[in-house]
Asks: 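I'd like to ask some things about the structure below.
Below, all heavy atoms of this structure are taken into account, side chains as well, without hydrogens, waters or symmetry copies. Residue numbering restarts at 1 for every chain, and letters A, B, ... go by the order of the sequence lines.
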Amino acid sequence: MRLKGIVKKEFIHIKRDPLSLAMAFLLPAILLFIYGYAVTFDVENIETVVCDRDKSSLSRELIEGFSKSGYFTIISYTESYNDVDGYIDRGDAKAGIIIPDDFSKTIRKGGLPSVEIIIDGSNSNIATIALGYVSAIEERYTRRLYPLSKEGPLIQVKTRIWYNREMRSRNFIIPGLIAVIMAVIVALLTSLTVSKEWDRGSMEQLLSTPVKPSELVLGKLIPYFIIGFADTVFAVLMSTFLFGVPLKGDPVLLFLLSSIFLFGGLSFGILISIVAKNQTIASQIAMLTTFLPAFLLSGFIFSISNMPKILQIFTLAIPARYFVTILKGIFLKGVTIEDLLWETALLSLYGLIVFFLAVKKLKKWIG
Amino acid sequence: MVDEYAVEIKGLTKKFGDFTAVDRIDLKVRRGEIFGFLGPNGAGKSTTIKMLCGLIMPSSGSGTVGGFDIWTEPEEIKMNIGYMSQRFSLYEELTVMENIDFFSGIYNVPRNKKKQRKAWVLNMAQIEEKKDHPVKTLAGGLKQRLALGCAILHEPPIIFLDEPTSGVDPLSRRNFWRLIEEMAGEGKTVFVTTHYMDEADNCHRLVLIHRGKIIAEGTPSELRSSYMKFDIAELLVDQPFVAMDILRDAGLEASLHGETVHVSLESYESCQDEIGRILKNAGLTIKGIEKVPPSLEDVFVTLVEGRE
């Protein structure tokens, strides 16, 4: 009875505050949209300037090899070697290809010509990837010119990539991104609920009634759980239909485990809200304590196994860590619950601990 | 066993760090009584009421509310009291009816009584035609009555009102006291704090608190007769502020009462001329002087100044 009353009241609050409601639904979608497009490690369309001194059919064939690969976009042709320098210094081009005037002559003589490739190393990430593409194109070209050569590499390494076969970085970023965004959103959603009651003085009134702390916490949690769940469903739909991330695993399992994560995250927001007693402080704490750990220490981008031991231990206390593993696992590997028992157990434990802490904290204010 | 007292406390103390907000107070409130808890702001009124309602725990002392122990039975106490704070803690964006609905849920008003109780609140607060309006659009007096209605939806036998009339216009204040009297007439105990001394006459019994300590108690007339050894002269002058300062400089106890100045005198008859002379020497003319029965405010001023 009492629980129903609180839930109903919270729903009315949410309904009467269209700005917050819009934020609750639009913010995750906008964040996913922006980050989904911005955070990518694929390097495509590297601006390239070409200085072809040979101007033969063979040299044109080589240039075509670069431009057709899709990784390089030729923005300009130039006659002088120095011009290439200028393009790269100004940042107009990230790569330069310089073909010497004896290129075709050397090939016809049966020798290996040297082609100079300049790559702007100021962004080491792009440079490394571009370098990889260059050697791949080079190799293909050489093999085409000398198909019967015995001097080719004796051992050929064949790499097989599992799970994210297309090697699209978006595929592994987006599931993790959902975890990070939801970690922040749910804590923000509830961080204002109890602090609002303190701010306006209605908390005192509530505490003078026979309402139990657990009823109050649960009553405030339920409406926001529904919103958080809707956000998650929407984010998953966006990932599959807008970003084309394949969902290999069971969606039911995904939403079930998401619910456990939501419960913990929302309880955490309420705990902040009870302790902070002030809306501005509460929302700032919520942002700070969820975004940075979820972004940096969850394994979303930076692999946990590469971190110093102390930091690795610290990540165990970050719920987003388990959620990232769960989402990546279900999305990319299609894993089942058996592979996620550890994450599920710890996430549930976290949720329960935070929920009871919130109830206890509220009891302390009363008692 | 029916307790004679609705509230009974002994040695109740609340400390915030080094500051003692409430200092070993003893109180007994009879059932069906309008009990006034008076004192200036910061005297410890709200702290006491919050301890009785289970909102904060005392530092020491003992007490019962409705026969339930304040230390061990706060849950039982909360089911038997209604509490209304000076902030009229209603939800501003919710409509009148939604607020009533919420509190009837929170107080677990039984289903078969719900409709009748809700109608009772609307009627008591005279707010029926505004029941679908958001609370933030209501005037202070209406908010105050609605807050009271919401706090007593579950028909508690004991009602705590913390500064219920602050920030409300005089007419609403008078109406509100009529409501309090009606409730007491129905046998409910009303424990009310106020710093408006003119309201104190509506109470059956009063306790005056100052700096966390009880300095006087009794019925309004007992307080007037037993604590007031002085006569009160009421002066009508052009510049009451100046007159008050001049009289105080002359060693008299003077205070402002609206447009007039009240002076405590050993005997009105023998000192009347003396006052006239003091003010005339200062260049002020007295437009009127008369002996008045001491108001509770006079009593309070005398008591407090006697302690400082």
Side-chain angles (χ1 to χ4, degrees), chain A residues 1-24 192-223 273-274 277-279 359-367, chain B residues 46 49-58 65 70-95 97-111 114 134-136 147-148 150-154 156 158-162:
Chain A
M1 249 355 256
R2 285 198 287 249
L3 185 62
K4 208 178 109 192
I6 299 168
V7 171
K8 206 169 145 196
K9 187 207 84 171
E10 287 303 317
F11 267 123
I12 299 174
H13 278 314
I14 295 168
K15 209 172 66 190
R16 297 276 153 84
D17 188 359
L19 198 69
S20 305
L21 188 64
M23 213 183 75
L192 298 177
T193 55
V194 182
S195 48
K196 206 182 275 173
E197 304 254 7
W198 286 119
D199 275 353
R200 74 168 106 213
S202 47
M203 199 59 183
E204 220 177 70
Q205 191 67 46
L206 283 182
L207 298 183
S208 79
T209 71
V211 71
K212 290 194 183 70
S214 54
E215 291 170 329
L216 202 56
V217 173
L218 211 57
K220 287 188 166 287
L221 212 141
I222 291 170
S273 182
I274 292 169
K277 280 191 164 192
N278 168 301
Q279 294 184 70
V359 171
K360 219 183 132 191
K361 209 73 208 175
L362 199 56
K363 241 181 219 158
K364 215 179 146 196
W365 288 120
I366 299 171
Chain B
S46 290
I49 231 174
K50 281 180 186 164
M51 284 192 277
L52 295 176
C53 295
L55 295 177
I56 51 175
M57 275 298 172
V65 173
I70 56 168
W71 288 97
T72 57
E73 297 167 303
E75 301 304 316
E76 285 80 357
I77 290 178
K78 285 176 185 179
M79 297 200 216
N80 284 285
I81 60 161
Y83 166 74
M84 173 185 160
S85 77
Q86 50 192 332
R87 289 174 72 173
F88 314 152
S89 318
L90 299 161
Y91 293 95
E92 300 266 317
E93 321 80 90
L94 267 61
T95 65
M97 213 49 214
E98 285 164 346
N99 267 286
I100 298 175
D101 272 340
F102 173 66
F103 282 104
S104 76
I106 285 281
Y107 281 120
N108 253 341
V109 175
R111 191 178 288 272
K114 225 169 208 174
V135 166
K136 62 178 166 218
L148 175 67
C150 287
I152 59 174
L153 264 166
H154 54 309
I158 307 168
I159 302 161
F160 289 94
L161 306 171
D162 192 6

Asks: Any chance the side chains of A:Q279 and A:S195 put a donor and an acceptor closer than 3.5 Å?
Replies: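 No.
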Asks: Check each of A:K196, A:R200, A:K15 against B:E93 using the salt bridge (charged side-chain N to carboxylate O under 4.0 Å, His left out) test, and report the only one that passes.
Replies: A:R200
Asks: So which part of A:K4 gets closer than 4.5 Å to some heavy atom of chain B, the side chain, the backbone, both or neither?
Replies: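 Answer is neither: A:K4 stays 4.5 Å or more from chain B.
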Asks: Give a yes-or-no answer on whether the side chains of B:S85 and B:D162 include a donor-acceptor pair shorter than 3.5 Å.
Replies: no
Asks: Here's a test for you: under side chain to side chain contact (heavy atoms under 4.5 Å, CB included), which of B:V65, B:I152, B:I77 qualifies with B:I158?
Replies: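 That would be B:V65.
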Asks: Assign the ring pair B:Y107 / B:H154 to parallel, tilted or perpendicular, where the plane angle (0 to 90°) is split at 30° and 60°.
Replies: parallel
Asks: Between B:K50, B:R111, B:M79, B:E98, who has the most heavy-atom pairs with chain A when the cutoff is under 4.5 Å?
Replies: B:E98
Asks: Which region of B:T95, side chain (C-beta onward) or backbone (N, CA, C, O), has a non-hydrogen atom less than 4.5 Å from a non-hydrogen atom of chain A, or is it both or neither?
Replies: both
Asks: With a 4.5 angstrom heavy-atom cut-off, is it the side chain or the backbone of B:D101 that approaches chain A, or both, or neither?
Replies: side chain
Asks: For A:E197, is it the side chain, the backbone, both or neither that has a heavy atom under 4.5 Å from a heavy atom of chain B?
Replies: side chain
Asks: Using heavy-atom distances under 4.5 Å, tell me whether B:F160 contacts chain A through its side chain, its backbone, both, or neither.
Replies: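 For B:F160, neither part sits under 4.5 Å from chain A.
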Asks: Pick one of side chain, backbone, both or neither for A:R16, based on which atoms fall under 4.5 Å of a heavy atom in chain B.
Replies: side chain
Asks: Is the number of heavy atoms from other residues, nucleotides or ligands within 6.0 Å of NZ (B:K114) greater than 12?
Replies: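 Counting neighbours around NZ of B:K114, more than 12 heavy atoms of other residues, nucleotides or ligands fall under 6.0 Å, so yes.
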Asks: Using heavy-atom distances under 4.5 Å, tell me whether A:I6 contacts chain B through its side chain, its backbone, both, or neither.
Replies: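 Contact with chain B involves both backbone and side-chain atoms of A:I6.
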